[in-house]
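The structure appears right after this line, and notes come after that.
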Amino acid sequence: MKNFIKNNKVTVVAFIICVIFVILVFAVKLTFFPNEGTAIYGDRLDGIEEVEITDNEQDDIIKSLEDRDEVKSASTDIKGRTLNVLITVNDDVELDPAKALTSSVIDNLEEDQTSYYDIQVFISKDNDDTRFPIIGYKHQDKDEFSWTKDR
């Protein structure tokens, strides 16, 4: 073994430097990224299984919106504890009837779901109406939507 080390000094030193470098890289990685293996939402989604908004419930929300005369199209998307509802209304719809569409969203959810999820409603038109798009947001602890400032 001593002869090998003596004959290959450069190789042995390079190997030792590489091992030290790899150990330092892992030490730095663990210092700056200690929770890399944990979930993106942490424990904020605990209990979501009990009040989960199913695909059928999302389809019911979309159907109830699209059955209204004011609505051209609708879609939903859930990210964590936020239900996003995207609504495109007809070009002749005014602000107040557009804001009233949130009742179709709330009516299709159970009370425990509305007290768990934040709900965002994005209402837009296909034309260049300066008052649109508008965004309504309902925090899980609130009963009413708050809206972007009227333009």
Side-chain angles (χ1 to χ4, degrees), residues 1-66 71-89 91 95 98-99 101-151:
M1 183 76 153
K2 287 184 182 183
N3 285 338
F4 177 78
I5 293 173
K6 199 178 219 184
N7 293 334
N8 300 301
K9 286 182 185 179
V10 175
T11 306
V12 171
V13 170
F15 179 75
I16 291 172
I17 291 173
C18 286
V19 169
I20 292 171
F21 180 72
V22 168
I23 291 171
L24 288 175
V25 166
F26 277 109
V28 169
K29 178 187 173 288
L30 290 175
T31 301
F32 289 108
F33 305 105
N35 297 328
E36 186 176 316
T38 59
I40 189 169
Y41 287 103
D43 60 357
R44 291 177 283 178
L45 298 182
D46 288 350
I48 198 167
E49 308 85 26
E50 300 166 12
V51 292
E52 182 177 9
I53 299 175
T54 64
D55 289 340
N56 288 337
E57 289 171 316
Q58 291 181 57
D59 291 341
D60 290 343
I61 292 170
I62 293 168
K63 184 174 178 351
S64 71
L65 286 167
E66 289 180 343
V71 177
K72 190 179 285 189
S73 66
S75 64
T76 61
D77 181 40
I78 296 179
K79 297 288 185 203
R81 290 177 68 159
T82 304
L83 170 64
N84 296 305
V85 182
L86 294 93
I87 304 171
T88 303
V89 294
D91 294 340
L95 282 174
K99 290 178 180 180
L101 294 172
T102 58
S103 64
S104 293
V105 176
I106 299 297
D107 291 345
N108 283 289
L109 297 173
E110 297 174 13
E111 185 176 336
D112 57 347
Q113 291 171 324
T114 59
S115 63
Y116 187 85
Y117 287 90
D118 291 349
I119 302 170
Q120 294 184 108
V121 178
F122 301 89
I123 303 176
S124 63
K125 288 184 178 182
D126 287 335
N127 68 3
D128 292 333
D129 190 335
T130 58
R131 298 171 298 166
F132 285 85
I134 57 173
I135 301 170
Y137 180 80
K138 184 188 129 0
H139 188 268
Q140 61 200 13
D141 296 333
K142 305 291 183 188
D143 293 330
E144 300 287 323
F145 279 82
S146 58
W147 292 92
T148 52
K149 184 175 173 95
D150 289 335
R151 302 173 195 186

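At least one donor-acceptor pair under 3.5 Å links the side chain of R81 to the backbone N or O of Y116. T76 places no side-chain N or O within donor-acceptor distance of the main-chain N or O of V85, the cut-off being under 3.5 Å.
Here the straight-line distance linking atom CD of Q113 with atom CG of N108 works out to 10.0 Å at 0.5 Å rounding. A distance of 12.5 Å separates CG in D112 from CD in Q140, rounded to the nearest 0.5 Å. The distance from atom OG1 of T11 to atom CD1 of I16, rounded to the nearest 0.5 Å, is 11.0 Å. Considering CD1 of I123 and CZ of F132, their distance stands at 6.5 Å, rounded to 0.5 Å. Rounded to the nearest 0.5 Å, atoms NZ (K125) and CD1 (I87) are 13.5 Å apart. To the nearest 0.5 Å, the span separating CG on L65 from OG1 on T88 amounts to 11.0 Å.
Contact between A98 and I134 at its shortest, heavy atoms only, is CB-CD1, 4.4 Å. Summarising the geometry of I62 relative to A74, their closest heavy-atom pair is CG2-O, 3.6 Å, with the distance given to 0.1 Å.
Contacts of D60 classified as side chain to side chain donor-acceptor pair (under 3.5 Å), with partners at least two apart in sequence or in another chain: none. With sequence neighbours left out, T102 forms a side chain to side chain donor-acceptor pair (under 3.5 Å) with no residue at all. With sequence neighbours left out, S75 forms a side chain to side chain contact (heavy atoms under 4.5 Å, CB included) with L86. For K142, the salt bridge (charged side-chain N to carboxylate O under 4.0 Å, His left out) criterion is met by no residue, not counting sequence neighbours. Qualifying salt bridge (charged side-chain N to carboxylate O under 4.0 Å, His left out) partners for D126, counting only residues two or more places apart in sequence or in other chains: K72. Residues passing the side chain to side chain contact (heavy atoms under 4.5 Å, CB included) test with I78 are I53, Q58, L83, Y117, sequence neighbours excluded.
When the options V121, I106, V105 are evaluated for a side chain to side chain contact (heavy atoms under 4.5 Å, CB included) with K138, the one that passes is I106.
No more than 12 heavy-atom neighbours from other residues, nucleotides or ligands sit within 6.0 angstrom of CG on D55. Within a 6.0 Å radius of CG in D128, other residues, nucleotides and ligands contribute 12 heavy atoms or fewer.
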